[in-house]
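Read through the structure below, which is laid out as C-alpha cells, and then see the notes.
The analysis underlying the following values was restricted to heavy atoms, covering all of them including side chains, and did not include hydrogens, waters or symmetry mates.
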Amino acid sequence: MITIAPVSRAQLPELLRLLEAKADFDGARHKLRANLCNLEQELFSANPRVKALLATRDGTVVGMATYHAIFSSFLVRPGIWLDDLYVDSAHRKIGVGEALLSSLCGEALTNGCARIDWIVNASNDNGLGFYARMGAQVFASGRLVRLDEDAIRARVTSTLPSR
C-alpha cells in the first residue's frame with residue numbers, strides 16, 4: 001500500500017536522503033545545498049516557501065515531491081511549480097510516482113490552481129514517457145532560462161549607481 005502525506009519534522013532525514021538520491025540521479029550532487037537545518041527552516045517556518053510530500057510504502061519512505069506556489073498573470077490564477085519528483089529505483093513502476101502526482105493534483109484543485117509546471121531533462125526518456133501517460137504536455141518549444149545567484153549579483157552590481 002502506498003500512502004502520500006506532507007513531510008513531518010521527524011521525516012526530514014528521509015527527505016534529505018531522497019534529495020541526495022535525486023541529485024545523484026541528475027549528476028548534480030555537487031550543487032546540492034540542502035541540509036536538515038535549512039530544510040526545517042524552509043518547510044516549517046511561519047511562512048514556508050516550499051512544501052514536500054512523501055510517499056510511503058509498507059512503512060518505508062520511497063518517494064517525494066517538493067513544490068511551491070507560482071502565479072500566472074495570463075490566467076490570473078495560482079499554480080504549482082513541481083521542483084523535484086523522485087522515487088527510489090527499487091520502487092519505480094508500481095504506482096508511487098503516479099500517487100505523488102495525483103496527490104499534487106489534489107493540492108492544485110483544493111487551492112484553485114490553473115496548472116502544475118515543471119521541467120524534465122530531455123534525455124530522461126522514462127520520465128518523459130511517465131509524464132505523457134499522466135496526461136502532461138511536454139513543450140519542446142520552450143527552454144529553461146535561469147539567472148543563478150552569481151548572475152543575479154553581477155546584474156544588480158552592474159546597474160547600481162556609483163557613489
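Relative to the six-membered ring of F25, R92 meets both conditions, a distance below 6.0 Å and an angle of at most 45° to the axis.
For the residue pair S45 and Q41, the shortest heavy atom distance occurs at CB-O, 3.0 Å. Shown here for L100 and A65, the closest heavy-atom pair between the two residues is CD2-N, 4.1 Å. Scanning both residues, A34 and L19, for their nearest heavy atoms gives CB-CD1, 4.1 Å.
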Check your understanding: Could you walk me through whether H68 and I80 pass the side-chain contact (heavy atoms from CB on, under 4.5 Å) check?
Key -> CA-CA 6 Å; H68 58 85; I80 290 175; over 6 Å; no

Exercise for review: Output, in order, the C-alpha distance, side-chain angles, deciding distance and verdict of side-chain contact (heavy atoms from CB on, under 4.5 Å) for R57 and M1.
Suggested key: CA-CA 6 Å; R57 181 173 182 234; M1 181 170 166; over 6 Å; no

Review point. How far apart are the C-alpha atoms of D150 and D148, what are their side-chain angles, what is the distance that settles it, and do they pass the side-chain contact (heavy atoms from CB on, under 4.5 Å) test?
Key: CA-CA 6 Å; D150 291 337; D148 66 15; 3.7 Å; yes

Practice item. In sequence, state the C-alpha distance, the side-chain angles, and the governing distance for E98 and V87, and then conclude on side-chain contact (heavy atoms from CB on, under 4.5 Å). Key: CA-CA 10 Å; E98 183 175 351; V87 176; over 6 Å; no

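Counting heavy atoms from C-beta on, the side chains of L18 and L54 come closer than 4.5 Å. Between M64 and L53 there is no side-chain heavy-atom pair separated by less than 4.5 Å. Annotation: side chain of L82 is not in contact with side chain of I119 (no heavy-atom distance under 4.5 Å). Proximity of L104 to I116: side-chain heavy atoms (C-beta onward) are separated by under 4.5 Å at one or more points. V7 is not listed as a side-chain neighbour of L39, based on a closest heavy-atom distance of 4.5 Å or more.
By the criterion of side-chain heavy atoms lying less than 4.5 angstrom apart, applied directly or through intervening Ile, Leu, Val, Met, Phe, Trp or Tyr residues, V120 is grouped together with M134 in one hydrophobic cluster. In the hydrophobic clustering of ILVMFWY residues, with side-chain heavy atoms under 4.5 Å counting as a link, V96 and F130 come out together. There is no path of hydrophobic side-chain contacts, each under 4.5 Å, that joins W81 to Y67.
Distance check, rounded to the nearest 0.5 Å: CG of D88 to CD of E14 gives 8.5 Å. A distance of 8.5 Å separates CG of L85 from OG1 of T66, quoted to the nearest 0.5 Å. Atom NE2 of H91 and atom OG1 of T56 lie 10.5 Å apart (nearest 0.5 Å). Atom-to-atom distance recorded for L36:CG and R9:CZ is 12.5 Å, nearest 0.5 angstrom. From Y86, atom OH reaches atom CZ of R17 across 8.0 Å, with rounding to the nearest 0.5 Å. Between atom OG of residue S102 and atom CD1 of residue I4 there is a gap of 8.5 Å, rounded to the nearest 0.5 Å.
Of the possible polar contacts, one joining the N38 side chain to the N35 backbone as a donor-acceptor pair under 3.5 Å is found. Between the side chain of S103 and the backbone N or O of A99, no donor-acceptor pair lies under 3.5 Å. Listed for the R77 side chain is a donor-acceptor partner under 3.5 Å among the backbone atoms of G112. The backbone N or O of A151 lies less than 3.5 Å from no partner atom in the side chain of R155, so there is not a single donor-acceptor pair.
Q11 and S8 form a side-chain donor-acceptor contact under 3.5 Å, judged by distance and modelled atom types alone.
Listed by first and then second residue, the side-chain hydrogen bond (donor to acceptor under 3.5 Å, both in side chains) pairs involving residues 111-122 are R115-D117, N121-S123 (not counting sequence neighbours).
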